[in-house]
Amino acid sequence: MINMSIPPVKEQLEIIERGTIEIVPREELVRKLENAHKTQKPLRVKLGCDPTRPDLHLGHSVILRKMRQFQDLGHHTILIIGDFTAMIGDPSGANKTRPALTREDVVANGRSYFEQASKILDPEKTEIVYNSEWLAPMSFEDVIRLASHYTVARMIERDDFTKRYQNSDTISLHEFLYPLAQGQDSVHLKSDIELGGIDQKFNLLVGRHLQKEFGQSPQICLMMPLLVGTDGTQKMSKSYDNYIGIDEKPEDMYGKALSIPDELIFPYYELVTDLDQGRLPEIRKRAASDPRNTKHELAWTITRMYHGAEMADQARAHFEKTVIQKDVPDEMPEFVFSTDSGHGLLDIIRETGFVPSSSEARRLITQGGITLDGEKITDPRFHFEAGRDGEHILKVGKRKFGKLIFKS
RNA sequence: GGGGAGGUACCGAAGCGGUCAAACGGGGCAGACUGUAAAUCUGUUGGCUACGCCUUCACAGGUUCGAAUCCUGUCCUCCCCA
């Protein structure tokens, strides 16, 4: 809003290239940006999203933030909800056949995705489209035509196809249609730039290829690195349980951010925070010389971006208290029990929902993972007698707390 | 269309008539330790009304005192040939 005009190339590139891993081809991007500045005609920037997984985490934020930067530079951004592809299943990686989503699910997920993405994107400047709009009406003939523009040899060049093929894993024929469908999106939208993770490179290139086939100016493929998850080894993903969700509670966000290995401090600053570009070199140095404080600041910054400064302060205080001082947090969920009858500790733990089964609760007790008012309970048969009112602090594992309230 | 191999817990992978709730590795969880929810070490890892009981080894039947292990059928996957 402050600056509606598209700035000169140099200024644009500086922002666009922050954190990018690859731009194919860069010279063409420069040309497009130059032209956009000259004519003040915004470029069409496309990003596809998968509505089967509506929970966004910092990994997604890397690309969404890139999209946001294009918005701030005055370009036109299009978020594609991949509802059509979602209703059939998922193409890459996962070998699980996902249950076909219903129309309602997809629409609901798409909405939820946009809602979360709006924490990063400027919703006013985001055009939302559903790819079923143009993919669903395609006839079998249209699909055959489309498929004729690509070869099997090139298709199995795709990294995960190659690997799965070598591993003798199943590859369903229809999976070959996904890159084509995604490419068709680019053709339909006449995109100038498509954003994606580096794992999307193949698919983005297919879009570029198809646009050429259809006589369009081919899109620039701009790839971001995959954000490594909190485990420090694999890409951030819900299925590896190494993610930090953008909807997560401030305390969890803070704690999880703090658990990343030191080597990730800088990449996180670069890719997921809004820290001023100019300060990055300084951060890189500090991450090495003073990892502890730099990481705390990172955790604070991330929390602040999604919950505001006040909550970030609270999250920090919470962490200091519970993890460093091993104290009890100020706030915790409360569970009320009637004293009309006695209660076995096992049942109580299970009823808090902190563990999935009473076997698990029993295990925790046996292993010393259960604390009541600061004292370890190791007897699985421990129980609260009837008729005694009172409050107790229950600690389950490392960081789950609950206040047990007994009253008649 | 023909021939061969195979489907085991969260994942990978042993087991091939009882001693199997099922070796081993990874992951998860917990304990100790720590600037950290990292690293490391140790323990643990189907469920329950819990020293016993119940349900699991693709699915459905069958043989047997007894099956993940043998037989029959079904579904699915991979490899070779056409």
Side-chain angles (χ1 to χ4, degrees), chain A residues 57-58 93-97 161 163-173 175 228-245 248-268 286-300 302-303 315-327 329 341-372 374-383 394-401:
Chain A
H57 52 63
L58 292 185
N95 44 4
K96 285 175 206 152
T97 359
F161 282 151
K163 276 188 197 139
R164 286 163 64 196
Y165 192 65
Q166 281 167 353
N167 282 338
S168 300
D169 287 336
T170 315
I171 302 173
S172 292
L173 195 53
E175 294 185 56
V228 176
T230 53
D231 60 356
T233 50
Q234 284 173 296
K235 71 164 180 177
M236 184 173 285
S237 158
K238 207 169 179 197
S239 36
Y240 299 143
D241 196 26
N242 62 356
Y243 67 99
I244 301 175
E248 272 188 270
K249 286 187 291 185
E251 308 88 68
D252 291 339
M253 222 177 219
Y254 194 96
K256 283 187 179 187
L258 211 58
S259 78
I260 62 171
D262 293 356
E263 312 83 73
L264 291 182
I265 297 175
F266 180 71
Y268 270 51
R286 282 199 52 218
S289 62
D290 182 15
R292 192 185 94 89
N293 290 318
T294 318
K295 202 191 284 182
H296 270 282
E297 277 161 36
L298 170 68
W300 186 88
I302 291 173
T303 312
R316 168 150 202 166
H318 178 269
F319 186 87
E320 301 256 341
K321 197 164 192 192
T322 59
V323 180
I324 297 175
Q325 293 166 29
K326 296 193 191 301
D327 204 345
S341 61
H343 297 274
L345 179 58
L346 231 42
D347 296 327
I348 284 186
I349 294 171
R350 198 186 41 192
E351 276 169 48
T352 59
F354 291 147
V355 297
S357 69
S358 62
S359 293
E360 183 66 27
R362 177 180 293 268
R363 242 172 255 135
L364 278 170
I365 292 175
T366 316
Q367 295 190 116
I370 299 292
T371 296
L372 200 62
E375 277 186 44
K376 241 176 221 185
I377 305 294
T378 49
D379 179 10
R381 283 166 309 185
F382 185 95
H383 68 278
L394 174 74
K395 185 184 179 194
V396 178
K398 277 178 206 160
R399 59 198 121 96
K400 291 174 199 149
F401 292 90

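Within every chain, numbering begins at 1; the chains are lettered A, B, ... in the order of the sequence lines, protein sequences first and strands thereafter.
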Can you tell me, in whole Å, how much space there is between the [atom1] of [N] and that of [M]?
| N | M | atom1 | value |
| --- | --- | --- | --- |
| B:rU19 | B:rA67 | C1' | 15 Å |
| B:rG43 | B:rU49 | C1' | 27 Å |
| B:rA68 | B:rA9 | C1' | 12 Å |
| B:rC70 | B:rC76 | C1' | 22 Å |
| B:rU77 | B:rU8 | C1' | 15 Å |
| B:rG15 | B:rG7 | P | 10 Å |
| B:rA58 | B:rC78 | C1' | 15 Å |
| B:rC57 | B:rU42 | C1' | 30 Å |

Relative to the 5' end of RNA chain B, which residue comes earlier, A:Ile171 or A:Pro356, by the nucleotide with the nearest heavy atom?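 Counting from the 5' end, the first nearest nucleotide belongs to A:Pro356.
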Toward the 5' end of RNA chain B, which comes first, A:Tyr240 or A:Lys395, by nearest nucleotide?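 It is A:Tyr240 whose nearest nucleotide is closer to the 5' end.
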Is [X] touching bases, backbone alone, or none of the nucleic acid, heavy atoms closer than 4.0 Å?
| X | result |
| --- | --- |
| A:Gln166 | nothing |
| A:Arg381 | nothing |
| A:Asn293 | nothing |
| A:Leu258 | base |
| A:Gly397 | sugar-phosphate |

State which of [options] makes the closest approach to the side chain of [X].
| X | options | result |
| --- | --- | --- |
| A:Lys295 | B:rU36, B:rA37, B:rA30 | B:rU36 |
| A:Val323 | B:rG35, B:rA37, B:rG31 | B:rA37 |
| A:Ser358 | B:rC78, B:rC48, B:rA38 | B:rC48 |
| A:Lys398 | B:rA50, B:rA37, B:rG35 | B:rA37 |

Does B:rC51 fall in syn (glycosidic angle within 90° of 0) or anti?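 The base of B:rC51 is oriented syn (glycosidic angle within 90° of 0).
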Under 3.5 Å, is there any donor-acceptor pair linking the side chain of A:Thr230 to the base of B:rA37?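 A donor-acceptor contact between them is absent.
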Is there a donor on the side chain of A:Lys326 or the base of B:rU34 sitting less than 3.5 Å from an acceptor on the other?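 Yes, the side chain and the base share a sub-3.5 Å donor-acceptor pair.
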Write down the protein N/O and nucleotide N/O pairs, taken from nucleotides 43-46 of chain B, whose separation is under 3.5 Å; answer none if there are no such pairs.
residue	atom	partner	partner atom	Å
B:rG43	N2	A:Gln367	OE1	3.0
B:rG43	N2	A:Gln367	NE2	3.4
B:rG43	N3	A:Gln367	OE1	3.0
B:rU44	O4'	A:Gln367	OE1	3.0

